[in-house]
Q: 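Sending over a structure as C-alpha cells; questions will come in a sec.
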Number of protein chains: 2
Amino acid sequence: MHEIPSPRSEAHSPRSEAHSPRSEAKAVRRQALLDAAAGLFAAQGFAGVSLDDLGAAAGVSGPAIYRHFAGKQAVLGALLVGVSEELLAGGLRVADADQRANDDGAAQRGAQGNANDDGAVLRALVAFHVDFALSKPEVIRVQDRDFTSLSPDDRSAVRRLQRRYVDVWAGALAGLHPGTTPAELRVRAQAVFGLINSTPHSVGGAQRGGGRVPAARARELLSAMALAALTAPAP
Amino acid sequence: MHEIPSPRSEAHSPRSEAHSPRSEAKAVRRQALLDAAAGLFAAQGFAGVSLDDLGAAAGVSGPAIYRHFAGKQAVLGALLVGVSEELLAGGLRVADADQRANDDGAAQRGAQGNANDDGAVLRALVAFHVDFALSKPEVIRVQDRDFTSLSPDDRSAVRRLQRRYVDVWAGALAGLHPGTTPAELRVRAQAVFGLINSTPHSVGGAQRGGGRVPAARARELLSAMALAALTAPAP
DNA sequence: GCCTTGGGTTAGTGACGATTAACTGGAATC
DNA sequence: GATTCCAGTTAATCGTCACTAACCCAAGGC
C-alpha cells in the first residue's frame, strides 16, 4: 500500500480538537470506518463483510471508503497495524516504568538477582494486556482470525510489531526462568496471550445454563491464571 | 446433516478393511476431502478456499465434492462436528477412567474430600487436550476461526458439544475450587483452552531469531502452564 | 451379457462484490 | 463571487465462485 498523501498533519494527535482547519471531519470518518470494521470483521470475518456493509455501518455508503483507504485490504491493514502498535507501545511503557522503578529502588546488585522485580514487570504487563483484551475484544479477535487476509507488506509489519511485543514479555520472563531458551520464553508468552485472549470467546455469547462472569471478576481471574502460568517452573 | 444410509455393517470394525463391498473407496475419498479441508481452511480460511481448490487437494476436481457433501458449508460442518465429538468423547473417556480409578481406591469418604483425585482427572484432561492440539493444530485453528461460517444447525450442534466438553472440565475443577460459580469455572476452562490452543500460532511459523521448541518440550511446557493456571487459587 | 447405479467430468448460469467511472455539491482559496 | 478541491453518490464493469446440467463410464446385480 503506497500512502495517502494527506497534506500535513501526519499520524499523531490523539486529542482531536480544532487541529486541522475543518476537514478533519475526514479523520472522524476514517476512525468511524475503523471502528465499524473492528466490529464487523470480528462478527463476520474479513471476507464476510462487503464494502457496502462497512460503509453503511459508518454512515456512508459503498465506495466512499476509497476516499479514506486504498481498498478493503488497506482497512484491515490500518486496523491491525494500529492495534499492534498500540500493544507494543503499551508494553514498552509499562515495562519501562516498572523497570525504572526497580533501578531507582535498588541500584545494581548483580545481574541476575532482580527476579523480584521481573515479577513486578510481569504483573504490570499482565494487567495491561488483560485490560486491553477486555476493553477491545473485537480487535483482538480480528487480529488472530484475519491476519492471513493482510497484504504481504502489512502482514510482515504486523508480524514485526507482534514479535517485538512478545520480546518485551520474553525479556521480563528471562529473569524468572534463567537458563531457558528465548524460543521457549516466547512460546510461554504466546500461550499466555492465548489464555488472556480467550475472553472474546468466553465472555462473548450469552451462556445458556449459568450466569455471566462480571468483567471485574474476569479481570482478576484471568490475571491470576496468567501469572500462575507465567511463573510455573519449567518442566 | 442427516445420515449416510451405509447399507448394513453397523456395529463393528473401526478399521476399514474389506468392509463394505468395494464402493467404500467413497469413504476414503470423503476422508481425503475432510483432511484436505482441514489443511486448506486452516491456512486460508473457509472463505478463502474455493471448491476447486478443495477438490484439487483431494485428487478430484471441482464439483465432485457434491457427491460427498451437500455443499461447501456441509464440509465445514462435518469437519467441525467431527472434531467436537472427538474432543468430547476423549474428555469423557479420560475423565471416566480417572474417576473410576479414584472410586476404586478410596470408596466414599465424604463428598468434598476428593480434591486429590480431581487433580488426577485434570492432569489427564490436560494431557489429552495438549496431545490433541499438538497433533491436529489445523483443526483446532479452523474450529475457532471459521465457527461463524457454519450453518445455523451445525453451529448449534458444535456449540452444544463444546459446551458439554467444557462442562467435563468444569466438573473436574469444581472439587478444586469449591464455592466457585459454574460460570467462572467455565471461563477458567476456556482460558486454558486458549492457552493450549495457542500452539497453532506459536509453533506454526518459522521464527526468525531463535530456534523452534521441539514438540515434546512444548507438550511438557504447555501442560505445566495449563495446570498452574487451572490450580491457581481464585482471586 | 444387459441395465441400473453412482462417482466423475466438463460446460454453463447467476449472484455477489470489489473496484472504477462519471457526476454533484458544498466548502476553502483567492 | 468565481474557481478549485474533494468527500460522497450512483451506475457500470469484471472476476470469481458456488452450484446445476448434461454427459460419461466402470462396477455389480440380474
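Within every chain, numbering begins at 1; the chains are lettered A, B, ... in the order of the sequence lines, protein sequences first and strands thereafter.
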Q: Just the table, please: protein N/O against nucleotides 16-18 of chain C N/O, every pair under 3.5 Å.
A:
residue	atom	partner	partner atom	Å
dA18(C)	OP1	Val49(A)	O	3.3
dA18(C)	OP1	Lys72(A)	NZ	3.0
dA18(C)	OP2	Leu51(A)	N	2.7

Q: Roughly how many Å is it from CD1 in Ile65(A) to P in dT19(C), rounded to a whole number?
A: 10 Å
Q: Over 60° means perpendicular and under 30° means parallel, so classify the ring planes of Tyr165(A) and Phe193(A), tilted if in between.
A: parallel
Q: Which part of the nucleic acid, if any, lies within contact of Gly71(B), taking any heavy atom under 4.0 Å across all strands shown: a base, the sugar-phosphate backbone alone, or nothing?
A: sugar-phosphate
Q: Counting side-chain heavy atoms from CB outward, which of dG8(C), dT10(C), dG8(D) is closest to Pro63(B)?
A: dT10(C)
Q: To the side chain of Lys26(A), which of dA7(D), dG8(C), dT10(D) is closest?
A: dA7(D)
Q: Would you please say whether a donor-acceptor pair under 3.5 Å links the side chains of Ser202(B) and Arg212(B)?
A: no
Q: To the nearest Å, give me how far apart CD (Glu24(B)) and P (dG6(C)) are.
A: 16 Å
Q: Taking all atoms of both residues into account, what is the closest heavy-atom pair of Ala42(B) and Val142(B), and its distance?
A: N-CG2, 3.4 Å
Q: Under 4.0 Å between a side-chain N/O of His68(B) and OP1 or OP2 of dG6(C), yes or no?
A: no
Q: Please confirm whether Phe147(A) and His201(B) have ring centers closer than 6.0 angstrom.
A: no
Q: Looking at residues at least two apart in the chain, or sitting in another chain, which of them share a side-chain hydrogen bond (donor to acceptor under 3.5 Å, both in side chains) with Glu85(A)?
A: none
Q: For dG7(C), take OP1 and OP2 only and decide whether either is under 4.0 Å from a side-chain N or O of Arg30(B).
A: no
Q: If you look at every heavy atom in Leu54(A) and Leu33(A), which pair is closest and at what distance?
A: CD1-O, 3.8 Å
Q: Establish whether the base of dG8(C) is bridged to the side chain of Arg67(B) by a donor-acceptor pair shorter than 3.5 Å.
A: yes
